[in-house]
Amino acid sequence: MEKRLEIIAKIKRRLAKEHLEFFFLTTGDPHLSEYPCERWKILERVTGFSGSNGFLVLSDFGDFLWTDSRYLLQAEKELQGTSISIKQMVTGDEPLEWLASFDRFPYGVVFDGDFFSQSFTDKLYPIVRQDDGGCFTDFRLDKYVDMPDLPNTPVFLHPVEYCGESFSEKKERIFASISSDVTHLFLSSLDDIAWTFNIRSSDSSYTPYVISYAILARNGTSILFADESRFDEGVKKYLKENKVRICRYEKVKGYVKKFSCRSDVKFSIDPSRLNHNLFHCFVPYYHHCSEPSPVPLLKSVKNATESRCVRNAVVKDGVALVEAFAEIKTRIEEHVRTTEIDVSRILAKHRKMQENYFSDSFETISAYGPNGAVVHYSPKEEDCAEVGTDSLLLIDSGGNYYDGTTDITRVFAFGVPTAEQKRDYTAVLKGHIALATARFLKGTRGGELDVLAHQHLWREGLDYGHGTGHGVGFFLSVHEGPQKISRTGNTSAFLQEGMLLSDEPGVYRTGEYGIRIENMVQVVADGRSEFGEFLRFETLTLFPYEPRLIDKTMLDEKEIAWVNNYHEKVRTEILPRLFSPKAKDWLKEVTEKL
């Protein structure tokens with residue numbers, strides 16, 4: 001705590017010395033990643049806040065951290081002892097709206113332009129008068145915060161037998177999606193690069209990215225900016241065969257400045273996926289066009305191989321989870337002390353036993369009782385709760401396998417649930433089913449379907465603040481755009497056949513418990529009529545719900561039939577693959593018809 005307060009005080013002394021009024025800092029890295037590697041977890045070192053979405057402002061007018069509803073309770077706990085107040089973020093523009101509310105000028109805003117997108121600064125500049133105050137984007141964070149070295153983990157290929165498409169095939173589709181006069185596409189987002197080049201590594205704990213930049217050439221040689229010492233001879237040979245040259249990671253800015261001046265080169269760059277400082281290396285401006293990158297949408301639509309493989313991954317994940325839960329349940333029944341950390345370790349142990357397992361896809365949320373109301377709670381060894389029988393256990397976890405990424409949330413009751421807990425759980429389940437069974441026209445956005453999940457909670461006077469569904473990557477990030485299901489998702493991508501998403505409504509009672517039910521679903525075709533083509537969701541995740549928390553009187557006949565059919569599918573797919581008698585017995589018990 002003392003070191004954090006010292007860093008904040010040092011930054012504020014600079015503001016005062018240079019007559020600057022605002023300092024900005026956000027989560028992420030120069031690639032604008034959701035989950036940065038250790039080197040770039042700077043907001044956590046400055047404030048103590050460990051969530052994946054935070055925006056810090058230090059100023060003469062107060063110190064504030066904006067974050068979304070998932071992290072409000074967590075931020076309140078982690079920021080204790082600092083001068084920082086917490087504000088809720090919904091759209092992401094709230095810090096700028098707050099800044100615009102001031103009626104006096106000039107402003108002096110300082111931040112490290114490596115950590116903010118060009119799209120952000122495009123919104124900021126009209127607010128800050130450049131003639132009187134201005135923005136200063138050259139703030140060097142490494143002068144204030146310790147920054148470990150970049151990771152040096154080996155880079156390996158993601159075989160076509162899993163991803164279904166070669167680098168050359170992906171490159172051809174990418175350039176077919178952008179202006180014909182564009183000669184080069186610049187890639188900065190780590191998930192875009194990993195997907196495009198079919199390469200993976202362990203640079204982040206839960207996302208198999210390779211820290212790199214890339215210049216993709218329509219014709220000729222493409223360039224991958226990365227540490228070449230991490231590539232074995234097989235990967236180097238693969239890249240050479242595909243006309244890809246490896247350059248040093250640190251050389252990217254200088255290379256771009258020189259390369260983008262050539263009269264025979266025209267870049268396509270995406271301001272929303274490119275940090276401010278790197279964006280301004282592209283000169284002169286008439287030699288590039290700013291447009292959305294085609295890669296996020298292309299990788300969001302899973303091909304036939306990916307779709308087949310992820311169905312294999314969810315079966316393995318289901319086996320691991322049933323075996324893990326049977327072990328957890330036995331420990332509780334036998335009064336063996338079991339903490340939230342123990343639950344996480346048991347889950348990881350059983351996932352690691354599965355074929356083609358690589359890593360967890362995010363830090364497991366194992367939350368008992370009141371901790372379940374902290375939406376993205378992560379237990380810590382020194383203060384985690386012991387799992388008992390007087391409340392609910394929420395587990396949100398996932399795995400990264402070579403043949404797919406998984407994400408699942410379930411809630412368990414080891415004691416006798418209360419009527420309120422059953423009502424809350426069943427309302428969430430009804431919303432979950434309503435979305436899972438939706439049929440909708442092609443050309444529908446996820447935001448238009450969000451009310452299907454919320455309606456059953458609203459009917460009971462309940463609500464939740466997080467999104468109802470996010471896109472899921474394929475052996476990449478567990479959170480992937482541009483598709484999502486959210487009240488703020490009316491400008492997200494149209495849902496397309498092949499997209500993977502989550503279906504995860506919830507309800508959270510502060511100081512009591514949290515409930516969230518999450519499955520992965522895939523958009524599939526569902527016929528056509530004279531009114532157009534129709535789509536629906538196919539539920540992929542295979543793990544039972546908690547029958548002890550279901551109030552059957554709240555379900556209609558179709559909902560009961562849906563749960564029964566789902567449980568029958570889970571039993572059929574998972575039971576033959578289990579090895580533990582206790583796991584088999586438990587699965588048979590909880591998948592009995594309602």
Side-chain angles (χ1 to χ4, degrees), residues 2-33 35-50 54-60 63-66 82-84 95-96 99 106-125 128 130 133-152 188-190 203-204 211-213 225-227 248-257 271 273-283:
E2 289 184 8
K3 189 169 185 178
R4 297 201 298 267
L5 295 177
E6 181 183 333
I7 294 170
I8 292 172
K10 189 176 179 181
I11 293 172
K12 297 188 81 168
R13 283 197 296 271
R14 175 181 170 179
L15 294 180
K17 180 180 178 180
E18 300 184 16
H19 305 290
L20 299 168
E21 294 178 295
F22 301 94
F23 167 76
F24 291 169
L25 178 61
T26 187
T27 45
D29 59 21
H31 303 270
L32 311 178
S33 307
Y35 297 115
C37 69
E38 286 299 320
R39 175 178 175 82
W40 289 313
K41 291 182 178 179
I42 299 172
L43 184 64
E44 183 174 355
R45 295 190 188 99
V46 173
T47 67
F49 175 68
S50 61
F55 191 112
L56 174 70
V57 175
L58 302 179
S59 75
D60 293 340
D63 304 328
F64 303 97
L65 179 91
W66 277 264
T82 72
S83 61
I84 302 168
L96 294 178
L99 186 67
Y107 296 143
V109 180
V110 62
F111 56 90
D112 189 332
D114 281 352
F115 292 80
F116 289 84
S117 72
Q118 179 60 31
S119 294
F120 169 81
T121 55
D122 285 343
K123 295 177 182 178
L124 175 64
Y125 278 4
V128 180
Q130 300 302 303
C135 295
F136 303 90
T137 63
D138 57 350
F139 189 92
R140 291 285 304 275
L141 286 166
D142 57 355
K143 292 184 177 180
Y144 297 82
V145 184
D146 293 334
M147 296 176 67
D149 293 337
L150 287 173
N152 191 32
S188 174
S189 298
L190 301 181
D203 288 354
S204 176
I211 292 177
S212 54
Y213 293 101
F225 295 89
D227 180 359
R248 287 178 57 189
Y249 177 80
E250 298 80 7
K251 296 289 187 180
V252 62
K253 289 182 180 179
Y255 196 96
V256 164
K257 286 178 181 178
R273 302 176 79 79
L274 193 60
N275 74 57
H276 169 84
N277 289 345
L278 191 47
F279 179 89
H280 284 276
C281 292
F282 286 86
V283 289

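Sequence positions, counted from 1, serve as the residue numbers for this chain.
- Here the CZ atom belonging to Arg45 is positioned 11.5 Å from the CH2 atom belonging to Trp40, to the nearest 0.5 angstrom.
- More than 12 heavy atoms of other residues, nucleotides or ligands shown are found within 6.0 angstrom of CG on Asp142.
- Formation of a donor-acceptor pair under 3.5 Å by the Ser117 side chain with backbone atoms of Phe120 is found in this model.
- Scanning both residues, Gln118 and His276, for their nearest heavy atoms gives OE1-ND1, 3.0 Å.
- Atom CG in Leu150 sits 5.0 Å away from atom CZ in Arg39 (nearest 0.5 Å).
- Judged by distance alone, the side chain of Thr27 and the main-chain N or O of Gly54 form a donor-acceptor pair under 3.5 Å.
- Contact detail for Leu58 and Asp63: the closest heavy-atom pair is CA-OD1, 3.4 Å.
- Between Lys41 and Glu38 there is a salt bridge, since at least one side-chain N of the basic residue sits less than 4.0 Å from a carboxylate O of the acidic one.
- In this structure, the salt bridge (Lys or Arg N to Asp or Glu O under 4.0 Å) partners of Asp114, at least two apart in sequence or on a different chain, are Lys253.
- Annotation: the span from Leu56 atom CG to Phe64 atom CZ amounts to 10.5 Å, rounded to 0.5 Å.
- Under the 3.5 Å distance criterion, the side-chain polar atoms of Asn275 are matched with a main-chain donor or acceptor of Pro30.
- Residue Ile211 holds its CD1 atom at 4.0 Å from SG of Cys37, rounded to the nearest 0.5 Å.
- Between Leu141 and Ile42, the shortest heavy-atom contact is CD1-CD1, 3.8 Å.
- One distance of note links CZ of Phe115 with OG1 of Thr26; it measures 10.0 Å at 0.5 Å rounding.
- For Phe139, the ring pair (Phe, Tyr, Trp, His ring centres under 6.0 Å) partners are Phe23, Tyr144, not counting sequence neighbours.
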